Amino acid sequence: MSKATHHALPLRFGTVGNPISTPKNGGSVGGVQRIRELGLSALELAWVQSVRVSDEMCARIRAAAEEYDVALSVHAPYYINLNAEPAMWSAGRERLLAAARAGYKAGATDIVFHPGSYMKSTPEVAYRVSRDRLAEVVDTLRKEGVHVTLRPETMGKSAMLGTLEEVIAWSQEIENVLPCVDFAHLHARAGDGSFNSYAEFSAALRKLAEGLGERGLKRAHFHFSGIAYTRKGEKQHLNLAEADIDYKAFFKALADWGVEGRVLCETPNLEEDAVLMQNTYRQAWLRRTPVNA
Ligand SMILES: [Zn+2]
């Protein structure tokens, strides 16, 4: 018998990176165990500097995730830019491939990455260059038998690729691509305090549903946190209690729209807020007013 527990909620909650309370030297296996002890059920492995993990370690992470019923994702290295100069792109491409290959071995189903920046291109050109490169990466992984969903993330600064519309469009055009929607980034990206209400969160969920159909809201992979920002966007992530983000409205929207998938917490206190998110969502779920999309 496995120790897997059945969770009644449509959404799994967890952290990006190991919980802070993971025992020292526990590594990702310790992180998986700690997630379950906290009553959470998802973990995004933060391979954000580089991918350095042996096949043996991948097998151990995978076994722990199965034993404890923790859904795994990978956050790929930051140094990936789909719109970079060719030499830079070939290095970024290797990082993205490495994250996907090792993540798949470790039992991760979803590989999150930052799509890059516009550089000197127009948004339209940057979008197309990125689309073609991402399609090639997906094709390479498919030929290798690496079955993962690649998740370009919505980004918090206006100079960066990764609007909600761009991540939806890549997902429409390329198989095995779906968004990682970071709602705090979208709030920060607006830069004026907007994108912070039940109506605005609902409008984003409607865009996902209309743009991607069933996959949009039933295979959701969201990041959430408090956030500090200027007019140009994101400054830093904040704990929920210290931020202006209306998290109660956000989780009510997720409950009302019947979103299924994962929410990963990226606040500085990680698991404390992940648990708060899950509790807030559970209350909203019990009192939901279903939306008829
Ligand atoms: Zn990220």
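Remember, it's a predicted structure, so these values are computed and weren't measured experimentally.
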Does a sphere of radius 6.0 Å around CZ in R60 hold more than 12 heavy atoms from other residues, nucleotides or ligands, not counting ones at 6.0 Å or beyond? no
Output yes when D132 and R128 qualify as a salt bridge under the 4.0 Å nitrogen-oxygen rule, no when they do not. no
May I ask you to check whether F201 and F195 place their ring centres under 6.0 Å from each other? yes
Assess whether a salt bridge exists between K105 and D55, defined as any Lys/Arg side-chain N lying under 4.0 Å from an Asp/Glu carboxylate O. yes
Could you give me the CA-CA distance, side-chain angles and deciding distance for K218 and E260, then say whether salt bridge (charged side-chain N to carboxylate O under 4.0 Å, His left out) is met? CA-CA 4 Å; K218 300 302 178 188; E260 297 175 19; 3.6 Å; yes
Verify whether one side chain among N18 and S28 offers a donor that lies under 3.5 Å from an acceptor in the other. no
Distance only, no hydrogens: is a donor on one side chain within 3.5 Å (strictly under) of an acceptor on the other, for N176 and H147? no
Only residue of E173, E166, E136 satisfying side chain to side chain donor-acceptor pair (under 3.5 Å) with R131 is E173
Checking H114 against N81 for the side chain to side chain donor-acceptor pair (under 3.5 Å) test, could you report, in this order, the C-alpha distance in whole Å, the side-chain angles of both residues, the deciding distance, and whether it holds? CA-CA 7 Å; H114 296 176; N81 180 357; over 6 Å; no
Ignoring hydrogens and angles, state whether a donor on the side chain of R189 or S158 is under 3.5 Å from an acceptor on the partner side chain. no
Regarding S90 and E94, is there a side-chain donor-to-acceptor distance under 3.5 Å anywhere? no
Would R62 and E66 pass as an ion pair if we require N to O under 4.0 Å? yes
Should we say atom CD of E175 is surrounded by more than 12 heavy atoms from elsewhere, each under 6.0 Å from it? no
Any chance you could lay out the side chain to side chain donor-acceptor pair (under 3.5 Å) test for S225 and D273, step after step, and finish with the verdict? CA-CA 8 Å; S225 67; D273 273 341; over 6 Å; no
Straight-line distance of C265 SG to L40 CG, nearest 0.5 Å: 9.0 Å
If we ignore angles and hydrogens, is there a donor and acceptor under 3.5 Å between the side chains of D244 and Y229? yes
Kindly confirm or rule out a cation-pi arrangement of R288 over W285, judged by NZ or CZ under 6.0 Å from the six-membered ring centre and within 45° of its axis? yes
Distance only, no hydrogens: is a donor on one side chain within 3.5 Å (strictly under) of an acceptor on the other, for H223 and E44? yes
Aromatic ring proximity, centroids under 6.0 angstrom, Y247 and F224: no
Pair D110 + R219: basic N to acidic O under 4.0 Å: no
Regarding R34 and T15, do their side chains bring together a donor and an acceptor under 3.5 Å, going by distance alone? no
For the pair Y198 and D256, evaluate side chain to side chain donor-acceptor pair (under 3.5 Å) and give the outcome as yes or no after the intermediate values. CA-CA 10 Å; Y198 181 84; D256 290 354; 2.5 Å; yes
Name the orientation class of the two ring planes belonging to Y127 and W170 (parallel below 30°, tilted from 30 to 60°, perpendicular beyond 60°). parallel
